[in-house]
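Take a look at the structure below.
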Amino acid sequence: MTDDRRLTPRSEDFAAWYNEVVLRAELADYSPVRGSMVIRPWGYGIWENMQRALDDLFKETGHENAYFPLLIPMSFIEKEKEHVEGFKPELAVVTHAGGKDLEEPLVIRPTSETIIYSMYSKWVQSYRDLPLLLNQWANVMRWELRTRLFLRTSEFLWQEGHTAHATAEEAEEETRRMLGVYRTFMEEWIAMPPLTGLKSESEKFAGAVRSYSCEALMQDNRALQAGTSHFLGQNFAKQFDLTFQSEAGEEEYAWNTSWGVSTRLVGGMVLTHGDDDGVVVPPRLAPAQVVVVPIARGEDGGAVREKAESLRLQLKDAGVRVRVDARDHLSPGAKFYEWERKGVPIRLEVGPKDLAKEQVVLVNRVELEGEKRKQFLPEDEAVKSLPGRLDRLQAHLLARAVQRREENTRRGAASIDELADHFEDGAGFVYTGWSGDPGVEEEVKERTKATIRCIPDPDFRSSTPPERCVGGEKAEMEVVWARAY
RNA sequence: CGGGGCGUGGCGCAGCACGGUAGCGCGCCUGCUUUGGGAGCAGGAGGUCCCCGGUUCGAAUCCGGGCGCCCCGACCA
């Protein structure tokens, strides 16, 4: 009999660990429909914090929110040739409604470029109407054959930004700006440091001219595409007649961008920070940053509960998200395990012994082992130090993730054999030269299952550019390979 | 879409080869005692054994068909 209160350790079966931790931390649950999931309050609370932070960043960069409908005429999707090719296999289509067959099938949006740019064409007449910078928070549906909680489900929540500009340069700048916003958000909130760069032709978004992405390395050394930003050129503008009159009086097609991140980020957070005890939620995302567990024993019970409540109020005033776990039917130990599984950053314990000494017990989620795991602190010091402790924990998680990424990154491989060796050795990201030949990309994929995650941005490039492609030809660029989610 | 696994109280499972009163752990409810790392005792509630058909005096168990979910591979935020 195994102890089913424990999670399967990551080292034993990483995929099993992930499923268990998501279910048992009550982030999400399976729904009756295959491949779709219910996001539970703890998971949704994390998503809400992500939304709030991202939404602020979008507003700061000049965007407004709007909402476009769920149902899109099939003919819209079919207008852009590459777009329809990319999405056709995963479309869910409404053919029947109100007791009758529909004249034209309606697609449940897999993404909203078509409906949005068709509306933009109505709203934009002059260069004075540009740029048009909108975002929407929505659900989308892509019929997936193989699904995983948060990482790939048929329905998921995301935001999609869609902008229209007068010039290609301005649109390109917007594409890059939003990629940067994503990078900042991932580093500073999720403490998940991504690699950013340009997608290869074979990996880019269907319908885009160029796609950029954020690629984060998970604990099992697989890469997660965590956010994308696309320069759409005039592809959609031409199909939906999105034109404007320029300053010079000429009619021109607008230039578009689109960019998105999804609830997949919650999965990325789990895969980046989680451990064998459960999820670890970075303080800036935690629905509860501190949980106070009163050990309300015997005659002191009332006084202990009052102390817990007083701690809650003090911390709330200090700007900390805090809750008291006053449930009476669970032992303190059971509560400790539960909140550790859910990943609350800091726990405070207060019991009869602490009352007399005016102290509290503080436990940090990432320091559960060893002598120092429980710190005994004077109450006022604990309260005063908490915001700083949360900040340091946030910084620690990022530093730890950066270090893990660097330790699992290899630079240079003269041949596909060497590249394969790196992956045999358990590498995460591998940097090599590339000629730009899709044949080489295909060959590497067959040999190693790794794909080009991106052509890295300057921040991430090797100090000396590679001279040779892994295929043997002259290298035209540096690329990063990884096995991807 | 191919391969594997599973479907039995809320959850996790046993029972099935050999048909005969449906069981265990956890959870849940009530009461009392408890509370510093997954509380104890006592009492209690809760089941169309995935569905349909067949064999049989009798099916969770045998036979046929179907459905669903999970996991592993080809396509993908």
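Predicted model, so just to flag it, every value in this text is computed and none were measured. All chains are named by letter (A, B, ...) in the order of the sequence lines, taking the proteins before the strands, and each is independently numbered beginning at 1.
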Applying the Watson-Crick and G-U wobble criteria at under 3.5 Å, what pairs with [N]? Answer none if nothing qualifies.
| N | answer |
| --- | --- |
| G31(B) | C41(B) |
| U55(B) | none |
| G73(B) | C1(B) |
| C67(B) | G7(B) |
| G23(B) | C13(B) |
| A60(B) | none |

For [N] and [M], measure between their [atom1] atoms and round to the nearest Å.
| N | M | atom1 | answer |
| --- | --- | --- | --- |
| U33(B) | G46(B) | C1' | 26 Å |
| A59(B) | U8(B) | C1' | 14 Å |
| C51(B) | C67(B) | P | 15 Å |
| G27(B) | C13(B) | C1' | 14 Å |
| A17(B) | C26(B) | P | 29 Å |
| G12(B) | C6(B) | P | 15 Å |
| A77(B) | G66(B) | C1' | 35 Å |
| G10(B) | C28(B) | C1' | 8 Å |

Original post:
Considering heavy-atom distances to RNA chain B, does P332(A) or L157(A) have its closest nucleotide positioned more toward the 5' end?
Top reply: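 In this pair, the answer is P332(A).
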**OP:** Map R34(A) and G333(A) onto RNA chain B by nearest heavy atom, then report which one ends up closer to the 5' terminus.
**Re:**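 Looking at RNA chain B, the more 5' nearest nucleotide goes with G333(A).
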Residue [X], side-chain heavy atoms: nucleotide from [options] that is nearest:
| X | options | value |
| --- | --- | --- |
| A15(A) | A77(B), C75(B), C72(B) | C72(B) |
| F156(A) | A77(B), G38(B), G36(B) | A77(B) |
| I295(A) | G38(B), A77(B), U35(B) | U35(B) |
| K353(A) | C75(B), G38(B), G36(B) | G36(B) |

Rounded to whole Å, how long is the line connecting atom [atom1] of [X] with atom [atom2] of [N]?
| X | N | atom1 | atom2 | answer |
| --- | --- | --- | --- | --- |
| E340(A) | G36(B) | CD | P | 15 Å |
| H329(A) | C29(B) | NE2 | P | 7 Å |
| R146(A) | C76(B) | CZ | P | 15 Å |
| D13(A) | C72(B) | CG | C1' | 11 Å |
| E144(A) | G73(B) | CD | C1' | 15 Å |
| R483(A) | C76(B) | CZ | C1' | 19 Å |
| N19(A) | C6(B) | CG | P | 18 Å |
| R24(A) | G38(B) | CZ | P | 15 Å |

Strictly by modelled atom types, are [X] and [Y] linked by a side-chain donor-acceptor pair under 3.5 Å?
| X | Y | value |
| --- | --- | --- |
| R453(A) | T451(A) | yes |
| K199(A) | Q225(A) | yes |
| E160(A) | H162(A) | yes |
| N364(A) | R347(A) | no |
| T228(A) | S213(A) | no |
| E20(A) | T8(A) | yes |

Subject >> Atom CH2 of W158(A) with >12 non-hydrogen neighbours under 6.0 angstrom >> reply: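 For W158(A), atom CH2 is crowded (more than 12 foreign heavy atoms under 6.0 Å).
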Mind checking if [X] touches a base, just sugar-phosphate, or nothing, with heavy atoms under 4.0 Å?
| X | answer |
| --- | --- |
| R148(A) | nothing |
| Y30(A) | sugar-phosphate |
| T153(A) | base |
| V361(A) | base |
| G351(A) | base |
| K449(A) | sugar-phosphate |
| A16(A) | nothing |
| P352(A) | base |

Subject >> Within-4.5 Å side-chain heavy-atom neighbours: R10(A) and Q219(A) >> reply: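 R10(A) vs Q219(A): side chains touch.
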What I want to check is whether an N or O donor and acceptor connect the side chain of [X] with the base of [N] at under 3.5 Å.
| X | N | result |
| --- | --- | --- |
| E349(A) | G37(B) | no |
| R347(A) | G37(B) | yes |
| K335(A) | G36(B) | no |
| R373(A) | G37(B) | yes |

Original post:
Is the ring of F336(A) stacked on the base of G38(B), with centres less than 5.5 Å apart and planes under 30° off?
Top reply: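 Answer is no, no stack.
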Original post:
Do R284(A)'s NZ or CZ and the ring of W189(A) fall within the cation-pi criteria of under 6.0 Å and 45°?
Top reply: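 Here R284(A) passes the 6.0 Å and 45° test against W189(A).
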